[in-house]
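Please read all numbers here as calculations on a predicted model, not as lab measurements. Below, chains carry the letters A, B, ... as their sequence lines are ordered, and counting in each starts from 1.
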Number of protein chains: 2
Amino acid sequence: MPLYCQLKDTLKAAIERGKLKPNDRLPPETELAQLFQVSRMTVRQALIELENEGFIRRRQGQGTFVAERKFRQSLLRLTSFTEDMQSRGLKAGARVLSVKVISGDENLMQRFEAAPDEQFVRLERIRLADGEPMALEISFLRRKFCPRIEEIDFTDRSLYVTLREEFGLELGWASQTIEAKLADEYEAKVLGVPVGVPLLLMQRITYLADGLTRIEYVRSSYRGDRYQLYVEVMR
Amino acid sequence: MPLYCQLKDTLKAAIERGKLKPNDRLPPETELAQLFQVSRMTVRQALIELENEGFIRRRQGQGTFVAERKFRQSLLRLTSFTEDMQSRGLKAGARVLSVKVISGDENLMQRFEAAPDEQFVRLERIRLADGEPMALEISFLRRKFCPRIEEIDFTDRSLYVTLREEFGLELGWASQTIEAKLADEYEAKVLGVPVGVPLLLMQRITYLADGLTRIEYVRSSYRGDRYQLYVEVMR
DNA sequence: TAGTGGTCTAGACCACTTT
DNA sequence: AAGTGGTCTAGACCACTAA
């Protein structure tokens with residue numbers, strides 16, 4: 001592992017464990033270089049990446065400081081429902097409504113740019129936060145990348161963790177749309193809300209780490225009365 | 001202006017003007033260094049920032065390539081309605097509903113962490129895309145940073161451009177929430193839609209470039225039938 | 001004025017990909 | 001084997017901030 005990554009991890013761990021608190025000042029770059037027996041440029045690479053990830057702020061003439069907690073959370077990243085709920089301090093869960101292997105759906109083939117005979121796994125779940133229905137989530141996966149995934153029970157299991165640990169699939173990025181719509185009869189029934197309540201509809205196509213291969217299409221309908229997206233955006 | 005910024009701007013301009021096309025390979029780092037008469041580390045700093053901004057992809061052993069257009073657009077950034085519509089190929093406009101100077105609002109004072117006697121300007125506009133109502137936007141500005149801004153007509157004028165050009169205010173970042181709700185009677189009337197249609201509600205607090213000073217609070221209600229957010233998110 | 005981060009150099013060797 | 005980006009060094013001077 002590169003030296004700058006080791007230094008990065010060391011500092012990140014110190015911040016996350018509370019050994020370094022928000023607004024604490026870090027030692028100057030020259031001092032860190034001596035401490036870790038590396039050159040200043042190596043220290044700088046570690047610090048620049050930590051700043052980009054929101055863990056620290058660097059100010060010319062002043063020094064380097066641990067960022068406020070809220071600043072290092074929830075810049076919009078590719079997260080699973082499980083991770084999202086964890087960061088909100090809620091316990092994520094699921095009720096599996098159906099699991100199917102399907103193929104030949106025109107719409108899906110287009111979204112995935114897939115061959116006509118390719119198989120997909122359709123996983124439909126109600127997502128729970130502290131046991132309460134929060135969203136209806138319908139995921140489509142390309143079965144050739146995760147064979148027999150339909151045999152796994154996703155009641156209390158993160159899909160993304162499973163993709164990584166069982167199938168060695170590293171996710172890279174996703175393109176996502178967000179819109180407002182009304183709950184139809186089916187959505188209302190499974191979410192336990194009246195027909196016509198507002199929902200936040202998010203549709204996502206997830207790509208692997210190579211940046212090109214599409215692995216997942218997911219359509220999530222969040223209850224408008226319980227769910228709010230939070231984003232920090234830069235100019 | 002630093003050398004690496006000059007190089008960055010040069011390359012960015014070449015990409016934006018189409019002189020360098022998607023998937024074109026850039027010269028290797030050593031060659032760029034010779035071409036621009038700078039060290040390789042300086043070239044690298046320019047390239048790393050261009051990669052972070054989505055203009056290029058770098059691959060060890062292969063080279064540096066111009067990124068696909070869609071990859072360099074619309075990562076979620078702090079944009080004005082005007083910029084947002086431009087990037088969608090629509091013409092942005094506005095109908096000013098009211099402009100007021102107000103003070104003493106508890107709620108506002110809290111959002112801005114402002115003194116009890118501070119004055120705010122409240123600007124309420126219907127935002128138009130190609131002449132059609134798209135959103136109701138209510139902006140609150142701290143008047144001490146932009147005195148007499150209430151005398152400006154924002155019918156065909158970007159608020160953010162005005163803040164920069166008339167008042168020298170550079171925006172830095174914003175914290176933003178996004179949720180789904182139903183149109184109430186007032187919203188329905190001014191947007192020209194029935195009561196109860198779904199709306200995408202975005203609330204934003206905008207900070208200046210210093211990262212600390214809050215300058216704007218804006219509450220935008222977008223028509224759910226016409227507006228969709230698009231985001232690309234990284235893992 | 002002293003100390004911080006910001007920029008820059010001219011090398012070096014390594015890891016990865018393609019030929 | 002050749003060429004690419006990835007990591008790293010040991011210096012240097014500059015710009016900004018605070019005392």
Terminal axes of the helix from dT1(C)-dA18(D) to dT18(C)-dA1(D) (5 end pairs apiece), angle rounded to 10 degrees, sit apart by 20°

The side-chain contact (heavy atoms from CB on, under 4.5 Å) partners of Thr10(A) (sequence neighbours excluded) come to Phe36(A)

Taken in chain and number order and not counting sequence neighbours, the residues that satisfy side chain to side chain donor-acceptor pair (under 3.5 Å) with Glu31(A) are none

Sequence neighbours excluded, the answer for side chain to side chain donor-acceptor pair (under 3.5 Å) partners of Arg111(A) is Asn107(A)

When rounded to the nearest 0.5 Å, the distance separating CZ of Arg148(A) from CD of Glu166(A) is 12.5 Å

In this structure, NZ of Lys12(B) is separated from CG of Leu50(B) (nearest 0.5 Å) by 6.5 Å

[atom1] of [X] versus [atom2] of [N]: gap in Å, rounded?
X: Ile48(B); N: dT7(C); atom1: CD1; atom2: P; result: 13 Å
X: Gln6(A); N: dT7(D); atom1: CD; atom2: C1'; result: 12 Å
X: Glu29(A); N: dA10(D); atom1: CD; atom2: C1'; result: 15 Å
X: Met1(B); N: dA15(D); atom1: CE; atom2: C1'; result: 16 Å
X: Gln34(A); N: dC8(D); atom1: CD; atom2: C1'; result: 17 Å
X: Phe36(B); N: dA10(C); atom1: CZ; atom2: P; result: 17 Å

Ranking dT7(C), dT4(D), dC8(D) by distance to the side chain of Tyr4(A), first place goes to dC8(D)

*Considering only heavy atoms from C-beta outward, does the side chain of Thr82(B) approach that of Arg127(B) to under 4.5 Å?*
yes

Q. Once the angle between the rings of Tyr217(B) and Phe140(B) is folded into 0 to 90°, is it parallel (under 30°), tilted (30 to 60°) or perpendicular (over 60°)?
A. parallel

Can you check nucleotides 11-17 of chain C for protein contacts, nitrogen or oxygen pairs under 3.5 Å, and list what you find?
residue, atom, partner, partner atom, Å
dA12(C), N6, Arg40(B), NH1, 3.3
dA15(C), N3, Gln60(B), NE2, 3.1

Check whether any side-chain nitrogen or oxygen of Thr64(B) sits under 4.0 Å from OP1 or OP2 of dG5(D), and answer yes or no. yes

Within the pair Arg58(B) and dT4(D), is there a side-chain N or O less than 4.0 Å away from OP1 or OP2? no

Sequence neighbours excluded, the answer for salt bridge (charged side-chain N to carboxylate O under 4.0 Å, His left out) partners of Arg58(A) is Glu29(A), Glu51(A)

* Asked: Touch check for Arg44(B), heavy atoms < 4.0 angstrom, all strands: base, sugar-phosphate only, or nothing?
  -> base

With heavy atoms under 4.0 Å as the rule, sort Leu47(A) into base, sugar-phosphate or nothing. nothing

Assign each of Ser39(A) and Thr30(B) the nucleotide of DNA chain D bearing its closest heavy atom; nearer the 5' end lies the nucleotide of Thr30(B)

Under the 3.5 angstrom rule, does the side chain of Arg25(A) hit a backbone N or O of Gly63(A) as a donor-acceptor pair?
-> no

